[in-house]
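Take a look at the structure set out below.
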Amino acid sequence: MLFDDANGVLVSAEQSLAIIIRTIEFSETSLIVTLFSRELGKLSAIAKGARRPKGPFEGSLDLLSVCRVVVICKRSDALDLLTEAKLHRRFRGAERSLERVYAGYYLAELLRLLTDDYDPHPEVYDLTTTTLNEIDGMGDVATAVLFFEAQLLRMIGHAALTDRCTECGGDVDSSLSRMPFSLLSGGVVCKPCSNRQSGVLSIRQTAIKELRRLFSVDANLQTRVPSHLYSELRAVMSRYIQTIVGNVPRTQSLLPDSMRTEPTE
């Protein structure tokens with residue numbers, strides 16, 4: 001629904017399910033909230049009164065909460081206005097471990113870094129809520145994060161190529177115990193092409209096969225990453241994402257560098 005606000009700016013009221021991926025203090029009473037919504041994509045909006053003890057949002061704007069929101073979207077350079085947020089699900093990873101909290105924060109940072117404003121990706125929203133449910137519950141954190149990274153990259157067009165040379169398109173020697181992986185090209189490369197590139201990693205063939213599975217459209221979140229491959233996969237995925245983004249995500253260093261089992265209660 002389009003209408004003019006008090007300043008004559010064309011605006012529209014939109015509803016969507018959304019994940020809270022960032023909050024910044026704006027004034028003594030208000031927040032700037034970054035949302036990743038199912039229908040509208042990523043957007044930032046002012047939530048007036050959100051910092052008041054008995055504000056209009058009733059504590060629904062916690063990081064990683066899932067809400068049904070109403071946003072006044074302005075067709076100008078001004079920030080959108082968040083007018084309503086009804087809590088659907090609160091992220092409770094902190095009740096189990098810091099590892100789960102850090103993993104959730106990392107997912108939120110990747111959404112901020114790798115998605116564009118007002119560019120809806122319902123499949124990315126569904127991927128995020130599914131992965132957050134796994135992290136928030138009893139799922140394996142290390143596997144969940146690798147699965148999310150690979151599937152997010154696939155959905156936005158950055159899936160790593162693992163079955164042929166990303167430079168020349170030729171065959172690669174799958175009989176080798178290790179294969180060159182080009183961070184800049186985004187996948188495996190043949191020996192001649194690898195000699196002409198910088199930023200090439202040497203990866204075990206078994207790790208390449210696991211990467212292929214993770215990037216597949218048929219990948220299953222419930223299939224646990226083999227523990228003996230995790231450290232190598234974690235290093236490759238981190239370096240690849242750094243190359244795509246152009247810097248190191250702040251929360252990436254908080255991810256586990258090895259697989260471990262949380263103590264049962």
Side-chain angles (χ1 to χ4, degrees), residues 19 21 36 64 91 93 96-115 121 123-163 166 178-179 181-183 185-188 199 201-245 247-262:
I19 305 165
I21 60 174
F36 189 81
L64 300 175
F91 182 73
R96 290 193 54 80
S97 70
L98 278 176
E99 182 180 86
R100 294 181 183 275
V101 174
Y102 293 153
Y105 290 174
Y106 179 62
L107 266 58
E109 185 175 11
L110 287 188
L111 290 175
R112 296 201 313 270
L113 294 174
L114 292 170
T115 61
H121 283 279
E123 71 280 9
V124 172
Y125 176 88
D126 293 343
L127 167 70
T128 306
T129 55
T130 298
T131 309
L132 284 175
N133 288 345
E134 190 77 2
I135 292 171
D136 206 10
M138 299 293 290
D140 177 66
V141 175
T143 291
V145 172
L146 280 171
F147 174 86
F148 177 83
E149 291 169 313
Q151 290 298 302
L152 173 61
L153 292 175
R154 179 185 65 79
M155 290 172 181
I156 63 174
H158 286 288
L161 192 63
T162 59
D163 57 357
T166 57
R178 305 186 72 89
M179 296 184 67
F181 182 98
S182 171
L183 296 171
S185 297
V188 297
L201 308 178
S202 176
I203 306 176
R204 282 181 292 173
Q205 184 71 241
T206 50
I208 291 293
K209 290 179 180 179
E210 185 63 14
L211 277 178
R212 185 176 300 126
R213 182 190 70 79
L214 287 167
F215 278 107
S216 167
V217 68
D218 299 320
N220 188 339
L221 178 56
Q222 304 305 317
T223 302
R224 185 182 174 97
V225 170
S227 59
H228 68 282
L229 296 177
Y230 173 73
S231 295
E232 187 171 10
L233 292 170
R234 176 72 269 145
V236 172
M237 194 70 79
S238 292
R239 291 281 304 278
Y240 185 40
I241 287 173
Q242 291 168 22
T243 302
I244 293 171
V245 172
N247 56 53
V248 180
R250 294 176 60 186
T251 53
Q252 198 174 70
S253 63
L254 302 176
L255 298 176
D257 55 11
S258 61
M259 298 186 80
R260 53 184 176 271
T261 303
E262 294 176 355

Problem set entry | Gln242 versus Arg239, side-chain donor and acceptor atoms under 3.5 Å | no
Problem set entry | Pairwise side-chain contact, Leu111 with Val124, heavy-atom cut-off 4.5 Å (strictly under) | yes
For this session: Would you confirm whether Ser238, through its side chain, and Ala235, through its main-chain N or O, come within 3.5 Å as a donor-acceptor pair?
Result: no
Exercise. Do Ile19 and Leu132 come within less than 4.5 Å of each other through their side chains, counting heavy atoms only?
Worked result: yes
Exercise. So how far is it from His158 NE2 to Ile241 CD1, rounded to the nearest 0.5 Å?
Worked result: 10.5 Å
Exercise. Which heavy atom of Leu211 sits nearest a heavy atom of Thr162, and at what distance?
Worked result: CB-CG2, 4.4 Å
Exercise. Roughly how far apart are Ile156 CD1 and His121 NE2, rounded to 0.5 Å?
Worked result: 7.5 Å
For this session: Scan side-chain atoms only and decide if Arg212 and Ser216 contain a donor-acceptor pair under the 3.5 Å cut-off.
Result: no
Seminar exercise, completed: When rounded to the nearest 0.5 Å, the distance separating OH of Tyr105 from CD1 of Ile135 is 12.5 Å
Exercise. Would you say Glu232's side chain and Arg204's backbone share a donor-acceptor pair under 3.5 angstrom?
Worked result: yes
Exercise. How long is the span from the CD1 atom in Ile203 to the CD1 atom in Ile208, to the nearest 0.5 Å?
Worked result: 4.0 Å
For this session: Taking all heavy atoms of Thr131 and all of Ala144, pick out the closest pair and write down the distance.
Result: CG2-O, 3.5 Å
Exercise. Below 4.5 Å, heavy atoms only, C-beta onward: do Phe148 and Thr130 meet side chain to side chain?
Worked result: no
Seminar exercise, completed: For Val225 and Thr143, the nearest pair of non-hydrogen atoms, with its separation, is N-OG1, 3.0 Å
For this session: Considering non-hydrogen atoms only, spot the tightest contact between Val141 and Ala103 and give its length.
Result: CG1-CB, 3.6 Å
Exercise. Do Phe215 and Leu153 touch side chain to side chain, with heavy atoms closer than 4.5 Å?
Worked result: yes
Exercise. How long is the span from the CD atom in Glu149 to the CG atom in Leu233, to the nearest 0.5 Å?
Worked result: 10.0 Å
Exercise. What are the two closest non-hydrogen atoms of Gly93 and Asp136, and how far apart are they?
Worked result: N-OD1, 2.8 Å
For this session: Report yes if some heavy atom in the side chain of Thr251 is under 4.5 Å from a heavy atom in the side chain of Tyr102; otherwise report no.
Result: no
For this session: Could you pull out the closest heavy-atom pair between Arg100 and Glu134, with the gap in Å?
Result: NH1-O, 3.7 Å
Exercise. With under 30° as parallel and over 60° as perpendicular, where do the rings of Phe181 and Tyr240 fit, or are they tilted in between?
Worked result: perpendicular
Problem set entry | Test item: Tyr230 side-chain N/O and Pro256 main-chain N/O as donor-acceptor pair under 3.5 Å | yes
Problem set entry | Within-4.5 Å side-chain heavy-atom neighbours: Val145 and Arg234 | yes
Exercise. So with a 6.0 Å cut-off around CZ of Arg178, is the heavy-atom count from everything else above 12?
Worked result: yes
For this session: Output the distance between atom CG (Leu229) and atom CG (Leu146), rounded to the nearest 0.5 Å.
Result: 10.5 Å
